[in-house]
Amino acid sequence: MVSSDPSIWIMAFFTIAITSLAFRDNPLAKIAEHAFLAAQAGHYVTMAWRNINKIGLEPLSKGSIIMLIPMLFGVALYTRYSKKYIWVSRYPTAMMVGIGTGVTVRGFVEFQFTQQIIDTFKPLNSFNNIFFVFAVVICLLYFVFSLTPQNPSIQKPLSYISTVGRYLMMFALGAAMANTLTQRVGQYAGRIMFLLYDWLGLG
Amino acid sequence: MDEKNTIWHKLQNIPREILYILLIISMIIPLLYPLGLPLPISAQTKSLYDSLNTLKEEDVILQFVDWGAGSISIHQPGCVAVTYQAISYGAKFVYLSTNTEGPLMYERMVTEDLQSIFDKYGYEYGEDYVFLGYVAGAETALAAIASNIRTAYSDDYYGTPIDDIPLMQNVRNYADYDMIVTYTMGSPESFVRQFNTQYGVVTHVHCGEMMTPNLLPFWASGQITGLLNGAFGAAELEVLIKRPGNAVKLTDVYSFSNILVFVFLAMGNIGFILTRKER
Amino acid sequence: MSTQLVRRTIPIIITFLVGMIMIGQWFLQVASISELATSIQQWGIILAAFSMGLGSVNIIIRNVRRIRRREGTDWLYAIWLLFIFFLFSIVGIGFGSTSPQYTYIFNTILQPLSGTMYPASLFFLASAIYRTFRARSSQAIIFVIVGAIMLLANAPMMGAFIPPIIPLKSWIMDVEVTAAYRAILLGIGLGTIVLGFRVLFGLETAHLGREEAQ
Amino acid sequence: MSLIANGKVIDLAFLIGIWGISAVYILYKERLKFTIRRMVAIDAIEEAVGRAVEMDRPVVMNIGGGGLLRGEYALPTMAGLTVLDYVSRIAVRLGARLIAPMYSEGGVETIPVATEIIRDAFIAEGTIENFQPEEVIQFLPVQASVMALADREKPAANIMIGYYWHESCIWAEAFGRVGAIQVGGTTNLYQIPFFAGACDYVLIGEEIYPVSAYLSKDPRLISTIAGQDTFKWISLVLILLGAILVTSGNEWLTNLLKI
């Protein structure tokens with residue numbers, strides 16, 4: 001039985017309007033697209049306000065003066081819109097980049113280098129293990145761009161190896177493409193579920 | 001030659017709109033007439049299932065509700081299945097989010113699926129499970145949560161100060177988190193870095209199928225313990241806990257849609273190869 | 001000289017010091033550094049929250065300009081956009097995001113839009129697969145064949161018709177794809193570590209803008 | 001209670017090593033004179049522009065929506081700008097018509113930079129008079145406007161190097177559809193499969209950096225790449241050594257790396 005709830009109808013309208021964007025650009029799709037950009041920006045402001053309030057303003061009002069620093073730095077971000085004082089916004093930006101880069105890069109050596117190398121120490125006693133170790137080595141050779149031996153006698157075999165590496169990676173990219181398509185089917189099927197079950201009341 | 005030529009050209013030039021309608025139909029059929037096909041269980045899902053079976057009473061699990069409206073169909077069933085399995089061991093849940101849409105996704109999941117599970121086990125809000133809401137800052141916020149959760153949250157999503165919440169009394173930092181699970185389309189690697197690599201906390205990830213190739217090297221090395229491969233992972237877990245739900249229905253959709261896109265790929269390429277002689 | 005110091009050198013020093021404190025927390029077991037790092041991370045959360053507002057200021061400026069220009073129907077869309085933006089931010093901050101009013105407008109407007117916008121790119125991908133993923137070269141043949149196999153392997157129905165596709169899928173994912181992506185990730189990992197070095201030591205200052213580039 | 005957390009000694013050593021080598025290579029870049037090997041990607045770009053001249057159809061080049069404000073997106077965008085500089089010089093010298101559509105939503109700060117680069121190419125060839133700034137066309141990455149450009153101009157070549165999100169398949173399909181030779185590269189791992197499928201030649205992940213270093217001959221970028229290559233060789237040797245040791249049951253290297 002088709003739903004009688006007006007908000008379900010609004011939701012169905014927006015779902016169909018955005019989907020129509022794939023068929024042809026039309027005014028409905030434009031209305032939906034503009035509504036999306038605006039609603040998302042408004043939602044960011046709402047969620048940002050909660051964080052600023054709870055972690056910044058309240059402790060500050062309760063007397064922890066130290067919170068004055070992040071709050072002032074946060075306000076300083078908005079000097080980006082003044083021609084004269086745009087340089088002031090570099091201070092909060094520099095701090096954010098420092099924190100972000102430091103937090104991410106500090107773990108990278110163990111996370112994406114040593115632990116990955118340790119796990120590639122596979123006993124060369126089975127086809128899969130031998131294939132695995134040499135696939136990693138060959139693909140890694142493909143990514144060596146400057147420190148390559150100069151004398152031509154080595155360069156020839158090296159170029160064959162990096163071609164094999166390219167085939168191995170195109171193989172993996174083919175699988176990744178299929179998985180990407182599958183994920184998008186799974187995501188969009190969620191919208192079909194809404195239209196069928198909540199809107200049209202079928203199934 | 002001309003007659004054969006037109007067929008192969010036509011094969012290559014089917015208008016886009018027809019393909020889209022076929023694709024939408026291929027999603028509608030299994031949703032109205034579910035097939036319930038047997039699902040092979042992947043090693044990545046099995047390692048999550050086995051890890052959840054080691055839970056004990058009073059263990060604390062951090063569940064990051066990091067999906068947005070775009071992947072409710074993939075992530076909500078996964079979170080419900082993990083909660084359903086973990087609750088039978090008496091584990092406690094701290095839900096939180098680093099995605100702006102997370103809080104609204106949490107409330108939708110509770111009203112739709114989790115409330116009935118919590119009532120069945122007599123779980124009380126504040127005592128057995130809590131929702132802390134959204135925190136900005138992505139990986140920086142994760143680093144803060146790992147070292148001291150109170151720097152990221154001064155209260156829960158509904159305004160109760162964190163020290164007045166019974167469950168949060170003994171939840172301070174990484175030493176109190178028995179395992180964390182993130183359901184995200186963003187950067188699960190940042191969770192692995194800040195929780196597993198730094199403090200050795202058991203980390204599970206429920207990602208989209210597109211992200212699985214990027215995460216398999218970290219699952220293979222044990223840095224990620226359980227890895228749910230999008231709707232497949234959620235469906236396999238639903239099968240393992242004998243509670244089939246929306247995720248299993250989604251994998252029925254996959255049977256139709258993926259084969260249809262395979263036909264697209266084949267048509268495009270067969271047409272291309274046979275008309276290649278002219279070029 | 002002082003403007004150079006104040007406008008570029010001190011921000012670069014801030015980035016360096018803060019970055020080093022974060023790295024210190026990771027590697028060194030020094031309680032004072034670890035506490036300082038955690039409190040700076042709390043500042044980072046506040047700064048991230050403030051920077052979320054920048055996008056909204058951009059939207060307001062751009063759309064007010066569109067309204068003033070009054071081109072064709074373009075300015076009507078701009079008015080519609082600003083109406084929705086102020087609806088969400090005023091209800092959101094006024095009533096709070098847990099209020100029934102805000103939950104209603106989120107579930108009715110933003111959820112269907114955000115829930116359909118990214119997934120709708122399924123259609124663009126499907127038509128790209130049909131119309132441009134061609135077996136042009138021998139490498140593209142490998143790409144297309146493996147893509148086709150995985151599309152079938154991702155259809156549980158095929159498991160009944162062609163049983164060997166299940167072990168083939170797990171071999172492809174657990175051996176070949178893991179190995180190839182591990183090599184790609186090792187390369188990117190080193191690239192990120194070196195990029196981190198250039199950012200923290202001031203060799204990479206894209207984020208500081210370009211006016212007084214030396 | 002040692003100063004360095006347990007299990008992190010080797011990682012700290014590697015971090016200091018990677019940063020140290022990068023610093024040394026950058027400091028002595030003139031003296032060390034590293035070079036980048038000739039890459040197939042560069043032949044592909046030259047061939048694409050050459051084909052455009054033969055068929056008297058335009059060349060399209062786009063550098064994605066990453067912009068210059070965040071390091072993670074700024075580097076691929078700068079690599080794209082370097083290749084844009086190279087492509088525009090060849091196109092102007094060979095007399096091919098260049099079109100460089102830019103995003104008007106993401107990374108608008110790149111538009112003046114790109115315009116300057118294309119103007120310099122015209123100045124270098126002394127034909128500044130036929131440089132029309134509207135060649136640098138602003139586009140929302142909406143399928144309609146990209147499709148419209150592709151169908152109207154029917155370019156012979158399309159080059160996409162920079163940071164892309166899920167709109168990459170819109171670009172790739174729009175220009176692949178009209179039969180353009182395509183060369184695509186991005187560091188966003190999730191978008192590489194689309195370029196691999198739709199392009200005649202795809203630059204995989206960080207491969208766009210050596211291409212831009214080769215073209216720009218920027219010694220600092222070349223020495224940074226050399227620094228990374230040094231540690232790729234080190235990890236290659238470690239992997240082979242470790243695998244052989246583990247095969248014979250010796251866990252020595254595994255335990256060493258875990259200190």
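The chains referred to below are lettered A, B, ... by the order of the sequence lines, with proteins before strands, and numbering in each begins at 1.
Ranked by heavy-atom pairs shorter than 4.5 Å toward chain A, the options B/A143, B/G70, B/S257, B/A231 are led by B/G70.
Only the side chain of A/Y197 comes within contact range of chain B, judged by heavy atoms closer than 4.5 Å. Heavy atoms of B/S154 lying under 4.5 Å from chain A belong exclusively to its side chain. Heavy atoms closer than 4.5 Å to chain A are found in both the backbone and the side chain of B/E189. Of the atoms belonging to B/P217, heavy atoms from both backbone and side chain fall under 4.5 Å from chain A. Both the backbone and the side chain of B/Y157 come within less than 4.5 Å of a heavy atom of chain A. If you measure heavy-atom distances from B/I74 to chain A, the contacts under 4.5 Å come from the side chain alone. Heavy atoms closer than 4.5 Å to chain A are found in the backbone of B/T151, but not in its side chain. In this structure, the portion of B/T212 lying under 4.5 Å from any heavy atom of chain A is its side chain and not its backbone. Neither the backbone nor the side chain of B/A247 comes within less than 4.5 Å of any heavy atom in chain A. Heavy-atom distances place both the backbone and the side chain of B/A136 under 4.5 Å from chain A. The parts of B/E139 that come within reach of chain A are both its backbone and its side chain, each placing non-hydrogen atoms under 4.5 angstrom from that chain.
The existence of a salt bridge linking A/E110 and B/R193 is excluded, since no basic side-chain nitrogen approaches an acidic carboxylate oxygen closer than 4.0 Å. Using a cut-off of 4.0 Å between Lys/Arg side-chain N and Asp/Glu carboxylate O, B/R108 and B/E112 are scored as salt-bridged.
Between B/F131 and B/Y95, the ring centre distance reaches or exceeds 6.0 Å. Separation of the B/Y177 and B/Y199 ring centroids does not fall under the 6.0 Å cut-off.
When all heavy atoms of A/N51 and B/V135 are compared, the closest pair comes out as OD1-CA, 3.3 Å. Shown here for B/I149 and B/M168, the closest heavy-atom pair between the two residues is CD1-CE, 4.1 Å.
Side-chain N or O atoms of B/T184 include one that pairs as donor or acceptor with a backbone N or O of B/G186 at under 3.5 Å.
Remark: A/R191 is not positioned above the aromatic ring of A/Y188, lacking an NZ or CZ atom under 6.0 angstrom from the ring centre and at most 45 degrees off the axis.
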